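Structure first, then comments.
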Amino acid sequence: MPELPEVETTRRGIAPHVEGREIVEVIVREPRLRVPVPGDLVDRLVGARLGPLARRAKYLLFPIAGATPASLLWHLGMSGSLRIARLGELPKKHDHLDLVLDDGAILRYHDPRRFGFVDWLAGDVELDPRLARLGPEPLSEAFHGERLHRLSRGRRLAVKPFLMDSGVVVGVGNIYAAEALFLAGIDPRRAAGRIGRERYARLAAAVQEVLAAAIAQGGTTLRDFVGGTGEPGYFRQRLNVYGRDGAPCRRCGGELRRVTLGQRSSVFCPRCQT
DNA sequence: CCGACAACCTGTGAGC
DNA sequence: TGCTCACAGGTTGTCG
């Protein structure tokens with residue numbers, strides 16, 4: 001259920017424990033993830049050393065130290081989480097995979113819905129088809145209102161699913177799309193092509209603001225998300241609209257409403273968002 | 001190319 | 001306590 005802030009929180013939490021470490025054992029308890037765990041993954045990983053942990057969109061990238069470039073590509077799907085466990089800590093239900101490190105720490109993957117996956121990625125990361133067509137990082141200079149304006153011309157799609165399109169900008173999922181549209185005062189049902197430059201500038205700024213704030217709070221824990229150190233995120237109490245359907249708007253006091261857009265539930269304030 | 005929709009899978013909370 | 005239904009943080013593929 002991780003969106004960008006939760007993946008980034010995970011990266012920051014586990015990085016100090018995995019970087020520079022050698023993998024001494026790999027335990028696969030359940031290989032049936034969204035992409036089945038490759039049969040040769042264990043052999044490839046045992047004895048490998050991990051480089052600096054990176055993130056692209058909602059993917060975590062674990063570079064494998066060595067002459068030929070290779071990485072572990074890890075996606076947490078809807079319900080996945082990675083955390084550091086101590087040697088001897090018993091796995092719980094849905095703890096599908098362990099990387100045992102040379103200092104005794106364990107990188108443990110938990111994922112009830114199994115929408116996430118781990119895959120071996122040989123060669124240049126940016127050439128992988130899963131990453132090649134991704135839009136810019138929302139917190140980079142390449143993301144701005146002008147891009148949203150340009151890509152949306154002629155589109156009748158509602159602005160919320162437009163904003164969640166990974167070719168437009170990465171990392172903005174259902175929670176933060178709803179929150180950014182609230183901050184920008186834009187109705188999530190509005191056709192993307194019928195929003196002007198000025199409002200898109202505000203929307204881009206709102207996306208950056210909400211993502212940065214969520215990262216600072218360690219992400220949003222709705223149910224079971226925990227960062228790499230096992231701590232929940234504290235952004236939930238700052239949510240203005242997500243999950244608050246029927247509750248009063250924090251800005252105008254009016255009743256928040258829920259609609260479905262692009263098969264995702266979308267809460268907004270009919271008075272503040274036009 | 002665009003947009004709508006189904007699918008992948010398990011858990012939880014609401015309502016009866 | 002138990003059943004059934006709707007719904008949940010993401011992504012990919014198909015179809016018109």
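Note that the structure is a prediction, hence the values are computed from the model and not measured. Per chain, numbering begins at 1; letters A, B, ... match sequence-line order.
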*OP1, OP2 of C/dA8 versus side-chain N and O of A/S265: anything below 4.0 Å?*
yes

*asked:* Quick test of your reading of the model: are A/D103 and A/R21 salt-bridged, counting only N-O distances below 4.0 Å?
replied: yes

*Take A/Y59 and A/N174, find for each the nucleotide of DNA chain C with the closest heavy atom, and name the residue whose nucleotide sits nearer the 5' end.*
A/N174

_I want to check one thing: is the phosphate of B/dG11, taken as OP1 and OP2, less than 4.0 Å away from some side-chain N or O of A/K93?_
yes

*asked:* For A/H94, is there any backbone N or O sitting under 3.5 Å from a side-chain donor or acceptor partner on A/E30?
replied: no

*Presence of salt bridge, A/R56 and A/E126, under 4.0 angstrom*: yes

_Whether A/H75 contacts C/dT11 is assessed here as follows: a side-chain N or O lying under 4.0 Å from the phosphate OP1 or OP2. Is that the case?_
yes

*Starting from the 5' end of DNA chain B, give me the residue, A/Q263 or A/R156, whose nearest nucleotide shows up first.*
A/R156

*asked:* Less than 4.0 angstrom from a charged side-chain N to a carboxylate O is my criterion; do A/E146 and A/R150 meet it?
replied: no

*asked:* According to a cutoff of under 5.5 Å between the ring centres and under 30° between the ring planes, does A/F115 stack with the base of B/dC9?
replied: no

*Using purine N1 to pyrimidine N3 plus N6-O4 or O6-N4 for Watson-Crick, or N1-O2 and O6-N3 for G-U wobble, each under 3.5 Å, what pairs with C/dC7?*
B/dG11

*What interatomic distance, in whole Å, is found between P of B/dC5 and the corresponding atom of C/dC7?*
15 Å

_Phosphate OP1/OP2 of B/dG11: any A/H94 side-chain N/O under 4.0 Å_ = yes

*NA contact type, A/R155, heavy-atom cut-off 4.0 Å: base, sugar-phosphate, or nothing?*
sugar-phosphate

*Between B/dT10 and A/R114, is there an OP1 or OP2 to side-chain N/O distance shorter than 4.0 Å?*
yes

